[in-house]
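In what follows, a structure is listed as structure tokens, so that the remarks can point back to it.
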Number of protein chains: 2
Amino acid sequence: MTTSKIKNMVDFAAVSGISRPTLSKYFNDAESVRPSTRSKIEAALEQHDYRPNIYAINQNRRRTRNIGLVVPNLTDPFFAAIARTIEGLILEAGYNPLLLSSHGGPEQEISNLDSLRSIKPAGVLLAPLGRASNADAVAAFAEEIPTVLFDANLEGVEAAFFGSDNTQSIGLIVDYLCRTGEPPVFFEMETPINPNALRRRHAYQTSMERLGFEPAFVRVPGEGWDFEEIGSREGAKMLASKTRQTNTILCSNDRLAIGLLSAAFEADIKVGLGADSPLRIAGHDDHPFAKYTCPSLTTISQDYTSIGARSVAAILAMADAPDDNLPPENALFEGRLVMRGSA
Amino acid sequence: MTTSKIKNMVDFAAVSGISRPTLSKYFNDAESVRPSTRSKIEAALEQHDYRPNIYAINQNRRRTRNIGLVVPNLTDPFFAAIARTIEGLILEAGYNPLLLSSHGGPEQEISNLDSLRSIKPAGVLLAPLGRASNADAVAAFAEEIPTVLFDANLEGVEAAFFGSDNTQSIGLIVDYLCRTGEPPVFFEMETPINPNALRRRHAYQTSMERLGFEPAFVRVPGEGWDFEEIGSREGAKMLASKTRQTNTILCSNDRLAIGLLSAAFEADIKVGLGADSPLRIAGHDDHPFAKYTCPSLTTISQDYTSIGARSVAAILAMADAPDDNLPPENALFEGRLVMRGSA
DNA sequence: ACAAAAAGTTTTCACGCGTAAAGTTTTTAT
DNA sequence: ATAAAAACTTTACGCGTGAAAACTTTTTGT
């Protein structure tokens, strides 16, 4: 690398012997120039270490190559994992992912969308907060900027959506639990903040009715995203009350189940599928830690490889053809039963 | 909001009745204009919904208001939590955080720094991969752009650093374990990928020697970031071998401990500090889930509130005075012993 | 070898805002 | 009320790139 200071594309054109517009073409798509000039340019790049100013580029482009990725809560390992998967896919496609978390709640979600707006992204992948989301604001955003929803759908928002089929997955695990023991009660939060919770509630109810059992709910108070804490605290109360109508508990999600398992351990109640276990506990999501709970957690694994892949494919399609008015795609993917020790 | 389309600051100057340079001042610092004009501008903003083009802004500014934040692995809840804390502090200071994860390894770390370079950030907060990091590349980056390292220091990189005092924290928990039972063996990975692992190894050794005990190590094979998996798999082997010289195991980090706890559960070995427990297990980091393991995990809580606050303060100071050549700050913060059920 | 097609060059304009200088108006201090 | 200071307006230029048009050179196909 020489000491010469290449400040802009004009300077680099001078040292590389290639005209600036051709360089511009090259940086936009290296394949669009002749191999002989491409190698000249790349040789010059090795020597002079120039890179186009990203702000100047994006000021003039109609669409940038940024793709926004908004998840409800990066502190939740489930969303961290799916975000990582999707980030990889975006990078592979030659786009630049921008990861944002709405942990702060609906205001943060809107503020994230506002930040993305000013970045003029080619598209946005949004896993909304769900019930708490400001659906109108999201709808307005989706009209302005190509948007794909994933993980949780939002009524009144006209956008592509890819997520899990909660009816199928909850049905699957309810079926399994009923076949292998007593029918489950559904352990959930009174006013859940996380998406899909209400869909799962409903799916549990219909599954139980389909199988001819009486649905039963344990709805516990609690605010925010501290599901383990809520599961543990309220689970301890429930277990202490000793008035269980069944020995099987299906939790609305794995994090509640993790808390509940710790409460059972503290209360010295053995959990598991064996005949000697007075309690069975199952969850939903296949949380990264579900394999390491005591006992390991029987749960539903969401197919977020497919969800991620389809979501990215859809947003890229929209980015490439921004003004075709096809109806928004959507698809639900089936969950897979993961049988472990807890139920 | 009217239907008029405000495309740029000139248009907005027309509808607001304020000159464009004054608007420019306002958007850079709302306090820098007279209250009367400020309210005029804000009234117009309510009606016309204009926002400056962020690319045009940054093209001309000497320093942007972006601050990069790079962590080794966002999938690790420990880093997710600290990232969230720091993001909040950056936002409070009126800067724009850009969160990146180096999960992919050293190449990803360098690629993250490259992305940040082209963004011309006011500063970068980097939690390096540690041993695996390309120290030369990081050093070159730090010379070019104001950089603060946190969580793990890097030899040969001249930059501010804030992290935990592993010598103190490991000393603290070794001391505790020795006072309350048998001295611990140190359970760790042979070739750990995560930062601080070697420092903790060394801290354990010196602590034991200080107390007059013989250090003992269990070093297990395994690659990558799947610490729970490694702790569980290798822990199961260790527990099966039945040749323990002590009943107390100190794990290099909580995630290994979580895996080890699950292995102990599977092997039906009771873990805890009581006299009836044949095994004690302790960790380090106060992982978000350490409270919900079975039994709950005795560990060290890192003071990452202080680490985050000092790191952000330092990067903001560097951003405000980019060319003063003060020696880089650094400080180590003490860990706090969190006594729970496992030891 | 020749015409046609592809690729590259030159020239020119556009983008939206930062910033500086000089002149004007408003506010503040006495 | 008046001078000084502060804030604002007008004018003008610069930033580094995208993009289009017209022209020239190189490559491709027959």
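On a predicted model such as this, the values are computed, not experimentally measured, just so you know. Chain letters run A, B, ... following the sequence lines, proteins first and then strands; every chain starts at 1.
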| task | For A:N28, report the nucleic acid contact type (base, sugar-phosphate, nothing); a contact means any heavy atom under 4.0 Å. | result | sugar-phosphate
| query | Is B:V33 touching bases, backbone alone, or none of the nucleic acid, heavy atoms closer than 4.0 Å? | reply | sugar-phosphate
| request: Any pair with a residue in residues 129-139 of chain A that passes side-chain hydrogen bond (donor to acceptor under 3.5 Å, both in side chains), sequence neighbours left out, goes on the list, sorted by first then second residue, please. | output: A:E109-A:S133
| Most 5' of B:S24 and A:T37 on DNA chain C, judged by nearest nucleotide | A:T37
| task | Could I get the full list of side-chain contact (heavy atoms from CB on, under 4.5 Å) partners for B:S39, not counting sequence neighbours? | result | none
| said: Just checking B:F27 against B:Y50, ring centres under 6.0 Å apart? | reply: yes
| How is A:Y50 classified with respect to the nucleic acid when contacts are heavy atoms under 4.0 Å: base, sugar-phosphate, or nothing? | sugar-phosphate
| First encountered from the 5' end of DNA chain D, between A:M9 and A:S36 | A:M9
| said: Reading DNA chain C in the 5' to 3' direction, which nucleotide is the first one with an atom under 4.0 Å from a heavy atom of chain A, and which is the last? | reply: C:dA7 to C:dG16
| note | Nt span of DNA chain D in reach of chain A heavy atoms at under 4.0 Å, 5' end first, is D:dG16 to D:dT27
| request: Taking the side chain as every heavy atom from C-beta outward, state whether B:L69 and B:E87 have any pair of such atoms under 4.5 Å apart. | output: yes
| message | Once you apply a heavy-atom cut-off of 4.0 Å, does A:P21 come out as touching a base, just sugar-phosphate, or nothing? | response | base
Under 3.5 Å, which donor-acceptor pairs do the side chains of residues 144-158 of chain B form with other protein atoms, sequence neighbours left out?
| from | atom 1 | to | atom 2 | distance (Å) |
| --- | --- | --- | --- | --- |
| B:E144 | OE1 | B:R117 | NH1 | 2.5 |
| B:T147 | OG1 | B:I145 | O | 2.7 |

| task | Kindly assign one of parallel, tilted or perpendicular to the pair A:H103 and A:W225, based on the angle between their ring planes and the thresholds 30° and 60°. | result | tilted
| message | Is the terminal nitrogen or CZ of B:R65 (NZ for Lys, CZ for Arg) located under 6.0 angstrom from the six-membered ring centre of B:Y95 and within 45° of that ring's axis? | response | yes
| message | Filter on ring-ring contact (aromatic ring centres under 6.0 Å, His included), then keep only pairs touching residues 66-88 of chain B, sequence neighbours left out; what's left? | response | B:F78-B:Y304
